[in-house]
Amino acid sequence: MSTNIYVGNLAFSTDSAGLKAAFAPFGDVKDAQVIADRDTGRSRGFGFVEMTSDEEARKAIAELDGSTIDGRQIKVNIAKERSR
DNA sequence: GTTGAGCGTT
């Protein structure tokens with residue numbers, strides 16, 4: 001099992017690697033992805049991070065929500081279910 | 001070569 005995290009208000013210059021780099025210090029990041037427009041390939045300004053440890057995920061959220069990455073104050077929360 | 005609310009493609 002793992003914890004899925006929503007990250008919003010990302011700078012358009014932030015990519016999946018940048019996202020992972022931000023969360024990695026707080027625990028094991030299973031996967032990180034910035035959602036890009038499927039047609040243009042450009043960032044949509046938000047993404048998701050999946051962490052293997054639920055407690056580390058919560059700590060990362062607490063530490064990173066409202067923090068600044070690439071000049072933008074990001075929004076971090078537990079993600080909703082993808083199949084909506 | 002731009003922009004700014006948002007919960008995603010497989």
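So you know, we letter chains A, B, ... as the sequences are listed, proteins then strands, and number each from 1.
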Whole angstrom value for the distance that separates [atom2] of [N] from [atom1] of [X]:
{"X": "Asp70(A)", "N": "dG4(B)", "atom1": "CG", "atom2": "C1'", "answer": "15 Å"}
{"X": "Phe48(A)", "N": "dT10(B)", "atom1": "CZ", "atom2": "C1'", "answer": "14 Å"}
{"X": "Asp37(A)", "N": "dT3(B)", "atom1": "CG", "atom2": "P", "answer": "16 Å"}
{"X": "Asp39(A)", "N": "dT10(B)", "atom1": "CG", "atom2": "P", "answer": "13 Å"}
{"X": "Ile5(A)", "N": "dC7(B)", "atom1": "CD1", "atom2": "P", "answer": "17 Å"}
{"X": "Asp31(A)", "N": "dT10(B)", "atom1": "CG", "atom2": "C1'", "answer": "11 Å"}
{"X": "Ile61(A)", "N": "dC7(B)", "atom1": "CD1", "atom2": "C1'", "answer": "13 Å"}
{"X": "Glu50(A)", "N": "dT10(B)", "atom1": "CD", "atom2": "C1'", "answer": "13 Å"}

Ser2(A) and Glu50(A) side chains, donor-acceptor separation under 3.5 Å:
yes
Among Asp31(A), Ile5(A), Asp28(A), find the residue that satisfies the side chain to side chain contact (heavy atoms under 4.5 Å, CB included) test when tested with Met51(A).
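It is Ile5(A), the one option of Asp31(A), Ile5(A), Asp28(A) that forms the side chain to side chain contact (heavy atoms under 4.5 Å, CB included) with Met51(A).
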Checking contacts here: which listed nucleotide ([options]) is nearest the side-chain heavy atoms of [X]?
{"X": "Arg42(A)", "options": "dC7(B), dT2(B), dT9(B)", "answer": "dT2(B)"}
{"X": "Arg72(A)", "options": "dG4(B), dC7(B), dT9(B)", "answer": "dG4(B)"}
{"X": "Ala11(A)", "options": "dT2(B), dG4(B), dT10(B)", "answer": "dG4(B)"}
{"X": "Arg82(A)", "options": "dT10(B), dC7(B), dG4(B)", "answer": "dT10(B)"}
{"X": "Arg44(A)", "options": "dC7(B), dG4(B), dG8(B)", "answer": "dG8(B)"}

So which one's nearest nucleotide on DNA chain B is more toward 5', Asn4(A) or Gly8(A)?
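Going by which nucleotide is closer to the 5' end, it is Gly8(A).
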dT10(B), OP1 or OP2 - any side-chain N/O from Arg38(A) closer than 4.0 Å?
no
Does the side-chain ring of Phe46(A) lie flat on the base of dG8(B), meaning centres under 5.5 Å and planes less than 30 degrees apart?
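So Phe46(A) does not count as stacking on the base.
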Determine whether the aromatic ring of Phe12(A) stacks with the base of dT3(B), defined as ring centroids separated by less than 5.5 Å and ring planes inclined by less than 30°.
yes
For a 4.5 angstrom cut-off between non-hydrogen side-chain atoms, does Tyr6(A) reach Ile78(A)?
no
Any side-chain heavy atom of Leu19(A) sitting closer than 4.5 Å to one from Phe48(A)?
no
Answer with base, sugar-phosphate or nothing: what part of the nucleic acid does Leu10(A) contact at a heavy-atom distance below 4.0 Å?
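Answer is base: heavy atoms of Leu10(A) come under 4.0 Å of a base.
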What contact category does Gly45(A) fall into here, base, sugar-phosphate, or nothing, at under 4.0 angstrom with non-hydrogen atoms?
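Answer is base: heavy atoms of Gly45(A) come under 4.0 Å of a base.
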Taking it one step at a time, do Ile74(A) and Ser67(A) satisfy side chain to side chain contact (heavy atoms under 4.5 Å, CB included)?
CA-CA 6 Å; Ile74(A) 67 173; Ser67(A) 70; 3.8 Å; yes
